[in-house]
Amino acid sequence: MKYNRRCRKLIAILLCICLMVPMLSGCGEKKEEETKQTSSGTLVFQYGNNLVTKGEVYIYIETVRERYEMQYGSDVWQTVLPDGGAGTSMENLTREEVVNEIVRVKTLCAHAEELGITLGDDELAELNQKADDFCEGLTDEQLQNMEITKEKAEKVMQENAIASKVEAKILDDRKIEISDEEARMTTFYDMYFECYSMDENGVVTPYTEEQKDQQYKNALQACATLAATDLKDVAGAAIERLAEYYQLNEAKMQTMSPKDILETYGQDVYDLLYNMENGQYSTVVETQYGYHVFQMIALTDQTKTNEQKIVLYNQQVQEALSDTLTKWQAQIDPIFKYPDSVDMDVYDTIVNDTVGTK
């Protein structure tokens, strides 16, 4: 079960990566490339004036491989995304992710000078030590076959550090701030008396008028019980006990944004909830789903609101970076496109020596 949860999380991450592919891939004509040798080694692809060679690509792939296997296990590469089909294995998605990551780093580094981004002596020393450690972790055969040198490793480490600084500068200039109101999350208990049944095939059957009338009476009785007894509490324990008494399988605590409440329950329930006080119970409310008695737990659930602020901040960060990267990439190489712009024969040999053989 734990492994399945890890895989679902990874699938979600990689699906997000897939959604980001268009911003990192041009839509121009295919570049016809033959395997070429440069002064730095075998060419895998050219992006603008950047000649990306075998050793550089290997360093990126090895870094990604170590990160994923540390988090999800060495058998992660056998995972296949839902729906199957070509290109849906973790290995294939990682291939594209690596190319997109290199393109992203090159794009950001191209604007470092104009933004005044540099690395200090201490940073360079730390990055160079990191490059030494990486090379020392490889065998002589790997170093030779993958055309890796200390200089190439240092270049990758330094460019990634510069790219991170450029990203930070972009975000600092955007001054992204999320207020409590924008991120507001509301927690309430919905004691829901459903008026339909659903079988294992998803077929919905509305209750008879007699059954609906009984549910309404139960809701009125529950509402009266809450109002007449000293059961009121801000944590929702009393209303939960009543839900158990009436065997309400769909009754539950809900935490939702104002937008989600409006879309789920409609304007009348939205207005009702946001006119309640914490701990307060509602009267019986009828919706298209059945009958409800609500208890407001927290008009602004601060813990959930803080979590939502992080989610919204990350969304705006991705939008800001996506907009900038798309514009900058079009200036550097508007026709770059994976896999057309990549020498896949060379690339396959690198992948097969890392994730492809795991």
Side-chain angles (χ1 to χ4, degrees), residues 24-26 28-65 94-114 117-119 121 123-166 325 328-356:
L24 294 172
S25 302
E29 298 178 358
K30 178 179 178 179
K31 291 182 179 180
E32 295 294 338
E33 296 283 354
E34 296 180 357
T35 300
K36 296 179 181 179
Q37 294 295 324
T38 73
S39 59
S40 299
T42 306
L43 184 70
V44 180
F45 65 87
Q46 180 171 351
Y47 171 64
N49 295 325
N50 298 283
L51 303 179
V52 180
T53 57
K54 191 173 182 179
E56 187 172 357
V57 172
Y58 180 87
I59 295 170
Y60 274 91
I61 291 179
E62 187 65 16
T63 301
V64 169
R65 181 190 68 78
T94 304
R95 291 173 187 239
E96 189 165 1
E97 177 194 355
V98 168
V99 172
N100 288 335
E101 177 65 9
I102 296 172
V103 168
R104 183 188 70 83
V105 170
K106 301 292 185 184
T107 302
L108 292 167
C109 287
H111 291 265
E113 184 176 354
E114 69 187 65
I117 303 295
T118 59
L119 296 174
D121 291 340
E123 292 173 304
L124 287 171
E126 182 179 348
L127 292 167
N128 290 346
Q129 182 59 55
K130 187 177 178 181
D132 286 343
D133 294 341
F134 178 85
C135 291
E136 289 174 3
L138 302 177
T139 65
D140 291 341
E141 183 179 7
Q142 285 176 311
L143 292 170
Q144 181 177 356
N145 291 344
M146 292 300 144
E147 303 173 1
I148 296 174
T149 63
K150 177 184 174 182
E151 289 72 25
K152 284 184 183 179
E154 289 176 349
K155 176 185 176 185
V156 171
M157 305 301 175
Q158 291 172 18
E159 286 186 346
N160 273 269
I162 290 172
S164 294
K165 285 192 170 188
V166 174
L325 284 167
W328 285 356
Q329 184 191 350
Q331 296 168 350
I332 295 172
D333 193 338
I335 64 172
F336 183 88
K337 183 180 180 181
Y338 179 90
D340 298 348
S341 302
V342 179
D343 187 330
M344 295 304 293
D345 290 336
V346 177
Y347 194 26
D348 286 344
T349 64
I350 308 171
V351 175
N352 290 336
D353 195 61
T354 51
V355 301

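Bear in mind the structure is a predicted one, so any value in this text is a computation, not a measurement.
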Reported CD-to-CD1 distance for the pair Glu62 and Ile350, which is rounded to 0.5 angstrom: 12.0 Å
Under 3.5 Å, is there a donor-acceptor pair between the side chain of Lys152 and the main chain of Ser40? yes
Contact check, side chains of Asn50 and Val103, non-hydrogen atoms, under 4.5 Å: no
Is the Phe45-Phe336 ring centre distance short of 6.0 angstrom? yes
For Glu123, which residues count as a salt bridge (charged side-chain N to carboxylate O under 4.0 Å, His left out) partner, sequence neighbours excluded? Lys165
Under 3.5 Å, is there a donor-acceptor pair between the side chain of Glu97 and the main chain of Val99? no
Please give me the minimum heavy-atom distance between Arg95 and Tyr347, naming the atom from each residue. O-OH, 2.5 Å
In this structure, are over 12 heavy atoms from other groups packed under 6.0 Å from Gln37 atom CD? yes
Hey, is CD on Glu114 packed in by over 12 heavy atoms from elsewhere, all under 6.0 Å? yes
Measure from the side-chain N and O atoms of Lys54 to the backbone N and O of Asn145, and report whether any donor-acceptor pair falls under 3.5 Å. yes
Check: Tyr47 side chain, Ile332 main-chain N or O, donor-acceptor pair, under 3.5 Å: no
Pairwise distance CD1(Ile117) to CD1(Ile162) - rounded to 0.5 angstrom: 9.0 Å
Min side-chain heavy-atom separation Phe134-Lys150 under 4.5 Å: no
Can you name the closest pair of heavy atoms from Thr349 and Met146 and give their distance? O-CE, 4.1 Å
Could you work out, with side chain to side chain contact (heavy atoms under 4.5 Å, CB included) as the rule, every residue matching Asp133, not counting sequence neighbours? Gln129, Glu136
Pairwise distance CD(Glu154) to CG(Leu124) - rounded to 0.5 angstrom: 9.0 Å
Under the side-chain hydrogen bond (donor to acceptor under 3.5 Å, both in side chains) test, which residues partner Lys106, sequence neighbours left out? Glu56, Glu159
Hey, is Lys155 close enough to Glu151 for a salt bridge, meaning N to O under 4.0 Å? no
Answer yes or no: are there more than 12 heavy-atom neighbours, outside Glu126 itself, under 6.0 Å from its atom CD? no
How would you list, by chain and number, every residue that makes a ring-ring contact (aromatic ring centres under 6.0 Å, His included) with Tyr58, sequence neighbours excluded? none
Under the side chain to side chain contact (heavy atoms under 4.5 Å, CB included) rule, collect the residues that match up with Asp345, sequence neighbours excluded. Asp343
Which pair of heavy atoms, one from Gly48 and one from Asp333, lies closest together, and at what distance? N-OD2, 2.9 Å
The criterion is side-chain hydrogen bond (donor to acceptor under 3.5 Å, both in side chains); which residues satisfy it with Tyr60, sequence neighbours excluded? Asn160
Are the side chains of Val351 and Ile61 in contact, using a 4.5 Å heavy-atom criterion? yes
Which atoms form the tightest heavy-atom contact between Ile335 and Ser341, and what is the distance? O-OG, 3.8 Å
Closest non-hydrogen atoms of Ile59 and Ala153, given as atom of the first, atom of the second and distance, are CD1-CA, 3.6 Å
Please determine, by modelled atom types, if Thr53 and Glu147 share a side-chain donor-acceptor pair under 3.5 angstrom. no
Might you point out which heavy atoms bring Val57 and Val98 nearest each other, and give the distance in Å? O-CG1, 4.5 Å
From Cys109 SG over to Arg104 CZ, what is the distance, rounded to the nearest 0.5 angstrom? 9.0 Å
